[in-house]
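In what follows, a structure is listed as structure tokens, so that the remarks can point back to it.
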Amino acid sequence: MRLFNLNMLSCMLAALILSGCSHLPQPLPVVPLQVSYDDELKIAQISQQLSRRDLDVASKMQLIFERGMVYDSLGFKAFAQSDFNHLLSFNPEIPDIYNFLGNYALRDGDFDNAIMAFNTTLELDPNYAYAYFNRAITLYRTGHYQAAQLDAEKFYQYDVNEPIRILWLYLIEKELDTKPALTQLKKRYDLLNDKSSYGSDIIAFYLGKMNESKLMQNLQQGVENDRQLAERLCEVYFYLGKYYQSKGNNERAKMLFKYALANNIYNFVEHQQALYEIKLLDEK
């Protein structure tokens with residue numbers, strides 16, 4: 001799952017500018033995403049446009065934002081962070097930017113600054129749904145499960161038919177009490193409008209309604225390109241890893257987290273959290 005709403009980001013920014021191991025599943029044959037010529041060309045074109053002396057502030061901000069988004073999608077965190085920080089020098093009240101910076105802090109394990117950034121996002125825009133999600137993950141990582149549950153529940157309410165929201169809510173609630181969490185997972189699954197999606201299938205697997213082989217088979221249905229398949233694999237492998245981790249099978253979980261990383265979907269929470277899970281397992 002993305003850590004932000006791409007369509008909302010552009011609209012909000014424009015408005016702000018105007019106003020201011022064994023038996024493991026075999027990895028499916030998908031080519032890991034690479035930095036493409038088009039990506040490199042887009043960065044070069046934006047950088048060239050930014051060098052123009054006649055560029056007005058609004059246009060400059062938009063271009064910096066677009067370049068930061070490209071950097072972020074390619075995993076060039078330092079470059080993206082530099083662009084987003086630069087934007088704050090023009091307007092220090094852009095909630096999108098604090099959400100991005102919070103994610104970078106979360107990725108680095110700098111939980112205090114992550115919380116501060118997400119709090120600022122929500123102060124500027126109390127309806128910024130993804131800030132609740134990202135703050136919930138931060139609180140989950142620091143063991144503040146009740147507070148994390150409140151944020152995850154709020155994020156879930158923005159779209160009760162998105163399976164990934166249900167899964168994260170379950171992962172958090174499970175830390176408070178396993179049996180009630182599983183009961184709530186089943187209730188939320190039963191309320192889904194569409195149980196045919198690969199995301200719904202992940203929940204079905206958690207509930208024992210589907211085996212792993214069928215899950216991996218189903219996720220390939222309706223795939224239109226390598227990018228879409230890579231995104232699905234990133235998500236599915238991460239949640240399989242969390243499942244086996246909860247069963248005490250850390251060796252299998254670690255390999256699945258590595259699979260989640262393999263396709264280079266840098267701007268998905270599953271990619272970032274898989275990396276963190278591997279770090280925790282290595283420390284153990």
Side-chain angles (χ1 to χ4, degrees), residues 1-6 24-25 27-28 30-33 69 72-75 77 80 99-100 102-109 114 118 129-141 148 151-152 155-156 159 162-175 185 197-206 212 215-216 218-220 223 225-247 249-250 252-282:
M1 175 188 277
R2 296 184 188 278
L3 294 160
F4 50 83
N5 185 315
L6 186 56
L24 282 170
L28 292 176
V30 57
V31 177
L33 295 185
M69 291 286 291
D72 181 78
S73 69
L74 299 175
K77 187 191 78 170
N99 185 57
F100 273 108
N103 281 320
Y104 297 144
L106 171 59
R107 193 183 309 180
D108 292 338
F118 298 136
Y130 281 85
Y132 288 108
F133 176 47
N134 297 326
R135 191 171 68 179
I137 295 174
T138 310
L139 292 165
Y140 167 73
R141 288 302 181 195
D151 275 353
F155 181 63
Y156 163 69
D159 186 354
E162 188 175 55
I164 301 303
R165 300 178 189 231
I166 296 174
L167 281 164
W168 268 103
L169 188 49
Y170 167 72
L171 291 175
I172 292 168
E173 290 180 337
K174 180 172 67 68
E175 298 297 329
L185 181 67
S197 70
Y198 75 96
S200 300
D201 287 345
I202 303 173
I203 302 178
F205 171 78
Y206 269 66
E212 190 173 318
L215 169 63
M216 299 305 295
N218 285 0
L219 75 83
Q220 301 174 69
V223 170
N225 52 55
D226 270 353
R227 171 83 196 192
Q228 189 177 47
L229 179 56
E231 290 177 350
R232 291 185 181 190
L233 288 171
C234 179
E235 292 180 332
V236 170
Y237 284 139
F238 174 77
Y239 296 110
L240 281 175
K242 290 296 289 181
Y243 175 84
Y244 285 109
Q245 186 183 47
S246 72
K247 302 300 181 183
N249 193 340
N250 288 338
R252 186 168 187 166
K254 185 175 181 179
M255 187 59 67
L256 285 160
F257 293 141
K258 289 181 178 180
Y259 286 172
L261 297 175
N263 295 301
N264 301 336
I265 310 298
Y266 298 106
N267 58 352
F268 267 38
V269 64
E270 291 81 8
H271 183 282
Q272 297 170 13
Q273 292 303 304
L275 194 60
Y276 191 77
E277 292 289 356
I278 291 171
K279 177 185 176 183
L280 291 178
L281 288 171
D282 285 342

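Both backbone and side-chain heavy atoms feed into the values below; hydrogens, waters and symmetry mates do not. This is a predicted model, so every value here is computed, not measured.
- Counting heavy atoms from C-beta outward, Ile265 and Arg227 have side chains that approach closer than 4.5 Å.
- Remark: Glu173 pairs with Arg188 by the salt bridge (Lys or Arg N to Asp or Glu O under 4.0 Å) rule, at least two apart or across chains.
- Take Arg232 and apply the salt bridge (Lys or Arg N to Asp or Glu O under 4.0 Å) test, not counting sequence neighbours, and it matches no residue.
- Of all heavy-atom pairs between Leu215 and Ile202, the closest is CD1-N, 3.8 Å.
- Residues that satisfy the side-chain hydrogen bond (donor to acceptor under 3.5 Å, both in side chains) test with Tyr132, not counting sequence neighbours, are absent from this structure.
- Taking Asn218 as the reference, Asp201, Met210, Lys214, Gln221 meet the side chain to side chain contact (heavy atoms under 4.5 Å, CB included) condition, with sequence neighbours excluded.
- Residues meeting the ring pair (Phe, Tyr, Trp, His ring centres under 6.0 Å) test with Tyr198, sequence neighbours left out: none.
- Among residues two or more places apart in sequence or in another chain, the side-chain hydrogen bond (donor to acceptor under 3.5 Å, both in side chains) test is passed with Ser200 by Ser197.
- Residues satisfying the side-chain hydrogen bond (donor to acceptor under 3.5 Å, both in side chains) criterion with Lys254, sequence neighbours excluded, are Asp282.
- Contacts of Ala260 classified as side chain to side chain contact (heavy atoms under 4.5 Å, CB included), with partners at least two apart in sequence or in another chain: Tyr237, Phe238, Ala274.
- With sequence neighbours excluded, the residues that form a salt bridge (Lys or Arg N to Asp or Glu O under 4.0 Å) with Lys77 are Asp108.
- With sequence neighbours excluded, the residues forming a side chain to side chain contact (heavy atoms under 4.5 Å, CB included) with Leu280 are Arg141, Tyr276, Glu277, Glu283, listed by chain and number.
- Here Tyr244 pairs with nothing under the ring pair (Phe, Tyr, Trp, His ring centres under 6.0 Å) rule; sequence neighbours left out.
- With sequence neighbours excluded, the residues satisfying side chain to side chain contact (heavy atoms under 4.5 Å, CB included) with Ala148 are Leu139, Tyr140, Ile172.
- Looking only at distances, no side-chain donor or acceptor of Arg107 sits under 3.5 Å from a matching main-chain atom of Gln272.
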